[in-house]
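Step one of this worksheet: look at the structure below.
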Amino acid sequence: MAIDEPSSPLPALDIPVIDISGYLAGDIKATKTIALQLNAAAQAPGFFQIVGHDIPADLRETLLDRVVAFFALPADQKNALHRNNSKALRGFETLGEQQLEPGYADVKEGFMVGAEVESKNARFLQGPNQWPAKGQGDGLEGTFMEYFHKMRDLSRIMFRLVALSLSLDESFFDDFASGQDSIAMCRAHMYPPVSLEASLKSRGIGAHTDFGALTLLLQDDVGGLEVFHRKTETWHPVKVVKDAFVVNVGDMLERWTNNHYTSSLHRVTSPISDKYRYSVAFFNEGLLDQTIECIPTCLADGEIPLYEAVRVEEHLRQRYGSSYLV
Ligand SMILES: O=C(O)CCC(=O)C(=O)O
Ligand SMILES: [Fe+2]
């Protein structure tokens, strides 16, 4: 099946749900099990979900509520925060601006946020955020930034588990994931419903792999996220699991692990009910000057690295640059 064919009604691919509470509680036996589960899931399908994390339910719910309210603002108020005003891709983007799959401009709106960095000190993807004016989308900034900082902490935890899963020192990815200059981008999405007919010819977000190392996704209960299974060349829905984050391996981690871990194609089909779908993705992009090259524990005897070493900034400039239409 070609990758642009409509979604199939196949049963969900085995995308395991991993409970990380044992690691947070310092349980050594549970940590070993979690690392093994993560190792298996990161190889195939490159997607899993986590529960037992410490991001409070009321924060997740409040963020989604505020995101819904933001996307409901009049177009001129959202356009005043357009990402074209920002050197760091921060702010609003409207329907059709990003194209991740050739031939399909995404039918989504987005709102990108990151760590606040003053313009004069900013490098690629660093800079100030753009927030709605007073009286418009009140509370978004406080909730989004609280969420962003908590997700950074969760990322450090997830990368520690990734390190353990690769038999590395637990702190191997600490600087990459949570050092002072480490870059993380967090984008809220709104996917409007389309007719059944239109849904077959469009994408909420076109098929793509994520550019960074690891993505942590908060989704509402509408569904529509699908993962491509390379072996059978079929698309499979990612089930909505209460309180879970969907976690997926991105291109940098695939490259770092010499393809041991898999950065899988995924996409979102537009809702065809009358419901809008909302999600918030947290992307770990890492340190701009870091070099990504094959991790020694990922090279068995007789194997050779499949990729040349690449600087994170070079990789990100190339991937972000080619994904925007305007
Ligand atoms: O909204 C989603 O469920 C997925 C979004 C996504 O894949 C992305 O932003 O890279
Ligand atoms: Fe993605």
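When a ligand or atom number is given, it counts from 1 through the structure's own listing order.
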Check your understanding: Regarding Gln219 and Arg277, is there a side-chain donor-to-acceptor distance under 3.5 Å anywhere?
Key -> yes
Exercise for review: Establish, from distance only, whether the side-chain atoms of Gln98 and Tyr320 form a donor-acceptor pair under 3.5 Å.
Suggested key: no
Point to revise | Presence of salt bridge, Glu109 and Lys78, under 4.0 angstrom | key: yes
Check your understanding: Do we see a donor-acceptor contact under 3.5 Å between the side chains of Arg187 and His189?
Key -> yes
Exercise for review: Tally every protein N/O/S atom whose distance to the Fe ion (ligand 2) is less than 2.8 Å; waters are neither shown nor counted.
Suggested key: 3
Could you list each nitrogen or oxygen of ligand 1 that sits under 3.5 Å from a protein nitrogen or oxygen, with the atom names and the distance?
unit_1: ligand 1; atom_1: 1 (O); unit_2: Tyr191; atom_2: OH; d: 2.7
unit_1: ligand 1; atom_1: 1 (O); unit_2: Arg277; atom_2: NH1; d: 3.2
unit_1: ligand 1; atom_1: 1 (O); unit_2: Ser279; atom_2: OG; d: 2.6
unit_1: ligand 1; atom_1: 3 (O); unit_2: Arg277; atom_2: NH1; d: 3.0
unit_1: ligand 1; atom_1: 3 (O); unit_2: Arg277; atom_2: NH2; d: 2.9
unit_1: ligand 1; atom_1: 7 (O); unit_2: His208; atom_2: NE2; d: 3.2
unit_1: ligand 1; atom_1: 7 (O); unit_2: His266; atom_2: NE2; d: 3.1
unit_1: ligand 1; atom_1: 9 (O); unit_2: Arg187; atom_2: NH2; d: 3.1
unit_1: ligand 1; atom_1: 9 (O); unit_2: His189; atom_2: NE2; d: 3.2
unit_1: ligand 1; atom_1: 10 (O); unit_2: His208; atom_2: NE2; d: 3.0
unit_1: ligand 1; atom_1: 10 (O); unit_2: Asp210; atom_2: OD1; d: 3.1

Point to revise | Residues Asp65, Arg60: salt bridge by 4.0 Å N-O rule | key: no
Check your understanding: Hey, are His82 and Glu97 close enough side-chain-wise for a donor-acceptor pair under 3.5 Å?
Key -> yes
**Study point:** Cation-pi check, Arg267 onto Phe228 ring (under 6.0 Å, within 45° of axis)
**Key:** no
**Study point:** Asp106/Arg203 ion pair, N-O < 4.0 Å
**Key:** no
**Study point:** Check: Phe211 ring centroid to His315 ring centroid under 6.0 Å
**Key:** no
